[in-house]
Amino acid sequence: MEAQIVKPTQATTRFQDFWGVFRKNYMGLVGLMMLVSAILVAIFAPVLSPYDPSSTFDVTTSDIYNPPSSTHWLGTDDAGQDVLTNFIFGARVSLTIGFFAAFISLAIGGVFGIIAGFYGGRTEEVLMRFTDIMLVIPDLPLMMVLIALTKPSIINIIIVIGALYWTTTARVVRSQTLAVKSRKFVLRARAIGAGKGHIIRHHILPLVLPILVVQAVLVVSSAVLAESTLSFLGLGDPTALSWGQMLNYAFGRGAMSTGAWWALVVPGFGIVWVVLGLTLLGQGLEQVLNPRLDTHHLMPSRPPVKSEAAKRSDEETLLEVKNLSINYVNDGHAPARAVENISFTLKKGELIGLVGESGCGKTTLMLGLLRLLPSAGQIVNGQVYFKDQELTALSETELNKVRWRGVSIVFQGAMNALNPVRTVGDQIAEAIIQHLPDFDSKNIPGRVTDLLELVGIAAEHKDQYPHQYSGGMRQRAMIAMALACNPEVVIADEPTTALDVMIQAQILELLDELRKKLGLAIVFVTHDLGVVAEMCDKVLVMYGGVTAEYAEVDTIYNMPRHPYTQELLKAFPDLTKPKKKLSSIPGYPPRLDALPSGCRFAPRCPAAFDRCRTEQPALHELAGDTHIVSCHLVEASK
C-alpha cells in the first residue's frame with residue numbers, strides 16, 4: 001500500500017512563512033515569550049499558586065505584611081494572604097480585561113476605519129469627525145465618570161475601556177484602507193465585477209489585518225494599564241483581585257508606611273512585564289507584518305478556437321468610441337481636461353496602438369472605457385459602444401456583465417495590480433467565480449492551470465505569491481487573468497513597462513500569438529514606436545488629451561501629417577538609417593488644468609504660426625475617414 005502524502009494547507013504554509021521571518025526578529029520574539037509566560041501563569045494559576053486565594057484560615061495579625069520568606073516567597077499583604085498567590089490569580093483578571101476590552105476596541109475601530117477609508121465622501125467625513133471628537137476627550141476622566149455611574153464590575157470595565165480605546169485604531173485602519181484602495185489590484189477587482197463587500201473582504205481586509213494585529217497587541221497593553229489605573233483609584237471590581245486592585249489595597253492600607261515594598265513591587269512588576277512584552281511584540285509584528293497592495297475558451301465542452309477566427313471581419317465592429325471627453329474635477333480648481341473628443345473604432349482581431357508622451361491622457365482614456373476612473377474622474381461627453389451596448393449609460397450591475405466577459409484589461413505594473421497576500425492562482429480564479437457563478441467549483445483549479453499554461457507559466461507556480469514571480473511571469477499572469485472569461489476585447493495598458501528588452505519581446509510575442517489564436521481585438525497603450533510599427537493595425541496619437549493623428553500604421557510611419565507625430569518619429573531610432581540623427585521634442589506636455597489657448601502642441605511645435613496659438617484646430621479627414629489629423633497645416637494644404 002502506498003503511503004499518502006499529506007500536503008500542507010495554504011494557511012499552514014503562510015504560518016510557516018510568517019514564523020520563519022518572525023523568529024529572526026529578536027525584539028518580537030522576546031515580547032512573545034514574555035506575553036506567553038504571563039498567559040501560562042494565568043491559565044495554570046490553580047496549579048502554580050502555593051495557597052488558595054480565598055482561604056483566610058489561621059491568619060492572625062502577626063501574618064500581616066510579613067517579608068518574603070521560605071513560607072511566603074513574596075511575602076504577605078495587609079490581610080495576611082500570600083502575595084505570590086494573589087499575583088498569580090490577579091494575572092487572570094488583568095489579562096482577561098485587557099484582551100476582551102481590546103477585542104471590542106478593535107471591532108469598533110476596525111469597522112469605522114474600513115468604512116471611512118473605503119467609501120470616502122460624506123460617510124468618511126461623518127465617521128472621522130466623530131472619531132476626532134472622541135479622540136480629544138480625555139480617556140481617564142471619562143472612564144472614571146462612566147464606571148462611577150455604573151456598577152464597578154469586570155463586564156462594565158471591559159465595555160467602558162473597549163468603547164473608549166478605539167479611536168487610534170480607526171485612524172490607523174482608515175489610513176491603511178485609503179492606501180490599499182488606491183492600489184491597482186483593487187481597481188482590477190472592480191474591473192472584473194467584484195462588489196464592494198467582496199473587495200473589502202478579499203482585498204482590503206487581508207492587507208488591513210496586519211495593522212489590526214499590531215493594533216490588537218498594543219491596545220491590550222493600553223487596556224491592562226487602564227484597568228490597573230481604575231482599580232488603583234478604587235473603581236475596580238471589589239470582588240475580583242487584579243494587579244491594579246493589589247496596588248490599591250497596598251497603597252490604601254499602609255504598605256508604604258510599614259515598609260512592605262513587596263506588596264507594591266510584585267503587582268507593579270506584573271503590569272510592567274505584560275505591557276513591556278506586548279509593546280515589544282507589537283513592534284516586532286509591525287516590522288514583520290506591515291506590507292511595503294459566457295463560457296471559458298478553455299472549457300472541455302467548448303470546441304477549440306480555430307486560427308481562422310483571428311482573421312478580421314471588416315463588417316463587425318466590437319468597440320466604438322465617439323467624442324469621449326473626461327475631466328478630473330477638484331473643488332475650487334479648474335477641471336483638468338484629461339481627454340477631449342476622442343474617437344476610434346476597433347474591429348474583431350484588430351490591434352490599435354495608442355501612443356503619446358506620459359501625461360497625454362492614454363491611461364485615463366483606457367480606464368474611462370470601462371468606467372474605472374477614480375472618484376475625481378468624470379465622463380462629461382461622448383459614448384462608448386461595445387457592439388450594440390452603450391457602456392456610459394449602463395448601471396454598475398449591467399456594466400459588470402460586460403467587464404471581463406466582453407472587455408478586459410491588463411493593467412500597467414503587474415506587481416501593483418496583483419494582491420501581494422493572495423496566490424496568483426487564487427486571484428485568477430476570482431475572475432471566474434465573479435463572472436461565471438454556474439461554473440463548477442471543482443473545475444476551477446484545472447481552469448486556472450490551463451490559463452497559466454496558455455501564457456507559458458507551469459502549473460506548479462499556481463499557488464505561489466506575486467513576489468515569487470519574476471517581472472515577466474507577473475505580466476503573463478495578468479494576461480492570463482484578462483483572458484479568464486473569454487473576452488472579445490483586451491485593453492493592454494503599457495504591459496511591458498519596467499521589463500527588460502528580452503522579456504518585453506516575449507510578452508509582445510505572446511500578445512500577438514493570442515490575438516491570432518483567439519481572435520482577440522486589442523487596444524495597446526505604449527511609448528514604443530517600434531512595437532507599434534511591428535504589431536499594430538491602426539495608431540491613435542494623443543497629445544494633451546486630444547487626437548493628434550489617427551490612421552493606419554503604414555500611413556502613420558510613411559506619411560505622418562501632424563508635427564507631433566513627425567517629431568515622435570524623429571526621436572525613434574531607425575536601423576535602416578544608422579546615420580540618422582535623433583532629436584528630442586523640447587519642453588513638456590501641457591498641464592491639463594491650464595491648457596494653452598489654440599493648439600495644445602503649439603508651444604513645442606517647430607511649425608507653429610500665429611493661428612496655432614489662438615485657435616484650436618479641427619479634426620480633418622484625409623483619404624475618406626481612414627486618416628484623421630488635428631492641425632491647421634493640413635487645412636492649409638488641402
Side-chain angles (χ1 to χ4, degrees), residues 117-124 177-196 198-199 203-204 293 319-344 346 354 356 358-386 389-404 406-413 416-417 478 482 487 489-495 523 525 540 542 544-547 589 591-593 595:
F118 184 77
Y119 287 93
R122 186 174 296 276
T123 301
E124 179 184 22
T177 302
L178 286 172
V180 174
K181 186 179 73 171
S182 64
R183 299 280 294 276
K184 284 190 177 178
F185 61 78
V186 175
L187 184 64
R188 186 263 306 163
R190 283 184 54 205
I192 66 172
K196 294 179 179 179
H198 178 90
I199 291 175
H203 295 281
I204 301 294
L293 58 70
L319 190 66
E320 184 175 10
V321 180
K322 294 184 177 180
N323 300 318
L324 188 66
S325 298
I326 301 172
N327 290 352
Y328 287 108
V329 179
N330 189 4
D331 292 340
H333 298 81
R337 293 150 59 190
V339 172
E340 189 167 352
N341 293 328
I342 294 292
S343 301
F344 67 87
L346 184 67
L354 188 57
S358 296
C360 287
K362 304 185 301 298
T363 296
T364 295
L365 174 60
M366 295 302 96
L367 295 178
L369 298 181
L370 287 175
R371 284 172 40 197
L372 295 172
L373 295 163
S375 57
Q378 298 180 2
I379 297 177
V380 295
N381 184 50
Q383 299 85 37
V384 178
Y385 290 93
F386 173 69
Q389 291 182 287
E390 212 281 87
L391 302 187
T392 61
L394 298 180
S395 66
E396 190 70 14
T397 301
E398 294 170 330
L399 189 59
N400 279 337
K401 296 178 180 179
V402 177
R403 291 170 177 163
W404 241 253
V407 184
S408 64
I409 184 168
V410 179
F411 289 101
Q412 180 181 3
N416 292 327
M478 283 301 302
V489 177
V490 173
I491 299 171
D493 187 6
E494 299 189 41
V523 181
V525 181
L540 173 62
M542 288 185 66
V546 299
T547 298
R591 285 183 50 182
L592 299 177
D593 59 348
L595 294 169

- Using the test side chain to side chain donor-acceptor pair (under 3.5 Å), find all partners of E320 that sit at least two apart in sequence or belong to another chain. none
- Message: Can you list everything that forms a salt bridge (charged side-chain N to carboxylate O under 4.0 Å, His left out) with R190? Sequence neighbours excluded, please.
- Response: none
- Quick one: does E124's side chain get under 4.5 Å of L178's, heavy atoms only? yes
- Applying side chain to side chain donor-acceptor pair (under 3.5 Å), name anything that partners Q389, two or more places apart in sequence or on another chain. none
- Task: To the nearest 0.5 angstrom, please state how far the OG1 atom of T547 sits from the CD1 atom of I342.
- Result: 3.0 Å
- Task: Can you sort out the partners of T392 under side chain to side chain donor-acceptor pair (under 3.5 Å), two or more places apart, ordered by chain and number?
- Result: E390
- Message: Rounded at 0.5 Å granularity, tell me how far CG in L592 sits from OG1 in T364.
- Response: 8.0 Å
- Side-chain contact, heavy-atom cut-off 4.5 Å: L369 with L324? yes
- Report yes if the side chains of L319 and V384 come closer than 4.5 Å at any heavy-atom pair, otherwise no. yes
- Quick one: side chain to side chain donor-acceptor pair (under 3.5 Å) partners of S343, sequence neighbours excluded? N323
- Message: Which residues pass the side-chain contact (heavy atoms from CB on, under 4.5 Å) test with K196, not counting sequence neighbours?
- Response: F118, Y119
- Item | Which residues share a side-chain contact (heavy atoms from CB on, under 4.5 Å) with L367, sequence neighbours left out | L187, T363, L372, L373, I409, F411
- Message: Going by the rule side-chain contact (heavy atoms from CB on, under 4.5 Å), which residues pair with A194 if we only count those two or more places apart in sequence or in a different chain?
- Response: A189, H198, I199, Q434
- Note, F344 side chain near L365 side chain (heavy atom, < 4.5 Å): yes
- Query: Who are the side-chain contact (heavy atoms from CB on, under 4.5 Å) partners of S395, not counting sequence neighbours?
  - Reply: T397, E398
- Item | Residues forming a salt bridge (charged side-chain N to carboxylate O under 4.0 Å, His left out) with E340, sequence neighbours excluded | R337, R600
